[in-house]
Amino acid sequence: MSIIETEAALHVAHRDNHTHRDVNGGWLRPAVFGAMDGLVSNLALMTGVAGSSVSQQAVVVTGLAGLAAGAFSMAAGEYTSVASQRELVEAELDVERRELRRHPVDEMEELAALYVARGVEPPLAREVAMQLSRDPEQALEIHAREELGIDPDDLPSPLVAAASSFGSFALGALLPVLPYLLGATALWPAVLLALAGLFACGALVARVTARGWWYSGLRQLALGGAAAAVTYALGSAFGAVL
């Protein structure tokens with residue numbers, strides 16, 4: 001009796017702990033990419049302009065313009081990209097739906113062959129395929145997962161991707177501008193805040209991806225710092241020439 005209770009307890013613990021995060025909802029990639037891109041691109045833009053020895057007002061206007069332009073551009077690009085991807089998937093689903101309607105037996109045999117290829121005995125594979133094919137929508141879902149590698153009920157949303165990209169880019173791009181808006185008169189507070197933001201974003205991403213937070217943070221810090229240094233040098237060189 002104790003063995004049965006122990007196994008039941010282990011089963012409950014496994015069920016409660018064996019959960020997965022949403023990796024296909026369409027928000028994580030644009031949010032992460034948007035924040036990183038906003039930080040790096042606006043920091044680099046502002047340091048490049050500041051390197052050419054322009055006024056503080058010009059640096060602030062450049063940062064705000066970069067924030068607005070980049071956020072709208074990212075949102076539009078993400079919406080178009082995800083919408084196009086979704087339309088392609090839906091077109092393939094329509095093809096599969098027509099095949100299921102026109103050639104149900106062939107599609108059932110195709111599904112059985114997939115299970116056989118994965119090690120299921122042929123009679124059992126055919127029986128499973130026959131039972132699963134009784135419901136057209138269930139058959140479509142299974143064929144989509146097995147043949148196309150997609151879940152028809154979990155397609156990414158273009159609006160979610162666009163909103164995530166817009167908000168995260170704007171937030172990231174705001175960091176280099178914020179010290180100026182709060183009264184800073186030099187570039188270094190903006191650079192320090194932006195680099196700290198890059199490290200924090202990298203560390204935060206590591207919590208989602210289960211990577212080392214210090215490695216991810218330092219990687220983003222190094223990439224952003226390198227971009228800022230290069231654009232500052234270019235700005236200084238062009239400013240001296242002009």
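This structure is a prediction, so every number in the text was calculated from the model and none was measured.
The side-chain heavy atoms of Pro176 and Leu193, taken from C-beta on, include no pair separated by under 4.5 Å. Two residues are said to be in side-chain contact when any heavy atoms from C-beta on lie closer than 4.5 Å; Leu88 and Ser84 fail this criterion. Looking at Glu110 and Glu99, their side chains never come closer than 4.5 Å, going by heavy atoms from C-beta outward. The shortest side-chain heavy-atom distance between Tyr180 and Gln56 falls under the 4.5 Å cut-off.
Residues Val89 and Leu155 share a closest heavy-atom pair of CG1-CD2, 3.7 Å. In plain terms, the two heavy atoms of Ala44 and Thr231 that are nearest each other are O-OG1, 2.9 Å. Here the shortest heavy-atom pairing between Gly224 and Leu195 reads C-CD2, 4.3 Å. Across Thr47 and Tyr232, no two heavy atoms sit closer than the pair O-CD1, 3.2 Å. Residues Val116 and Ala125 share a closest heavy-atom pair of CG2-CB, 3.5 Å. When all heavy atoms of Glu78 and Ala161 are compared, the pair lying nearest together is CB-O, 4.0 Å.
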Chi angles and distances behind the side-chain contact (heavy atoms from CB on, under 4.5 Å) call for Glu107, Arg102: CA-CA 9 Å; Glu107 290 295 314; Arg102 295 174 180 174; over 6 Å; no
Candidate pair Leu39 and Leu43, rule side-chain contact (heavy atoms from CB on, under 4.5 Å), full reasoning: CA-CA 6 Å; Leu39 266 167; Leu43 174 63; 5.9 Å; no
Test side-chain contact (heavy atoms from CB on, under 4.5 Å) applied to Phe169 and Ser41, step by step: CA-CA 10 Å; Phe169 185 99; Ser41 64; 3.6 Å; yes
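Each of Leu45 and Val40 belongs to its own hydrophobic cluster when Ile, Leu, Val, Met, Phe, Trp and Tyr are linked at side-chain heavy-atom distances under 4.5 angstrom. Note on Val54: it clusters hydrophobically with Leu67, by side-chain heavy-atom contacts below 4.5 Å among ILVMFWY residues. Ile150 is not connected to Leu111 by any chain of hydrophobic side-chain contacts under 4.5 Å among Ile, Leu, Val, Met, Phe, Trp and Tyr, and they are in different clusters. Both Leu221 and Trp213 are assigned to one and the same hydrophobic cluster, defined by single-linkage of ILVMFWY side chains at heavy-atom distances under 4.5 Å. Linking Ile, Leu, Val, Met, Phe, Trp and Tyr whenever their side-chain heavy atoms come within less than 4.5 Å leaves Val82 and Tyr79 in two separate clusters.
Taking OH of Tyr215 as the start and CD of Gln220 as the end, the distance is 9.5 Å to the nearest 0.5 Å. Residue Ser168 holds its OG atom at 10.0 Å from CE of Met36, rounded to the nearest 0.5 Å. Residue His143 holds its NE2 atom at 12.5 Å from CG of Leu93, rounded to the nearest 0.5 Å. Atom-to-atom distance recorded for Leu198:CG and Ser216:OG is 11.0 Å, nearest 0.5 angstrom. One finds the CG atom of Leu114 at 11.0 Å from the CD1 atom of Ile142 (value rounded to the nearest 0.5 Å). Atoms CZ and CD, from Arg126 and Glu109 in turn, are 6.5 Å apart once rounded to the nearest 0.5 Å.
At distances below 3.5 Å, not a single donor-acceptor pair connects side-chain atoms of Ser73 with backbone N or O atoms of Ala69. Arg97 contributes no side-chain N or O that, together with a main-chain N or O of Leu140, makes up a donor-acceptor pair within less than 3.5 Å. Using modelled atom types, no side-chain atom of Ser165 and backbone atom of Ala162 make a donor-acceptor pair closer than 3.5 Å.
Here Glu146 pairs with Arg118 in a salt bridge; the nearest charged N to carboxylate O distance falls below 4.0 Å.
Counting non-hydrogen atoms of other residues, nucleotides and ligands closer than 6.0 Å to OH of Tyr115 gives a total above 12.
As a member of the Ile/Leu/Val/Met/Phe/Trp/Tyr network built from side-chain separations under 4.5 Å, Phe166 groups with Phe72.
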Which donor-acceptor pairs under 3.5 Å do side chains of residues 129-138 form with protein atoms, sequence neighbours excluded?
unit_1	atom_1	unit_2	atom_2	d
Gln131	NE2	Glu127	OE2	2.8
Ser133	OG	Ala129	O	2.7
Asp135	OD1	Glu137	N	3.2
Gln138	NE2	Leu132	O	3.2

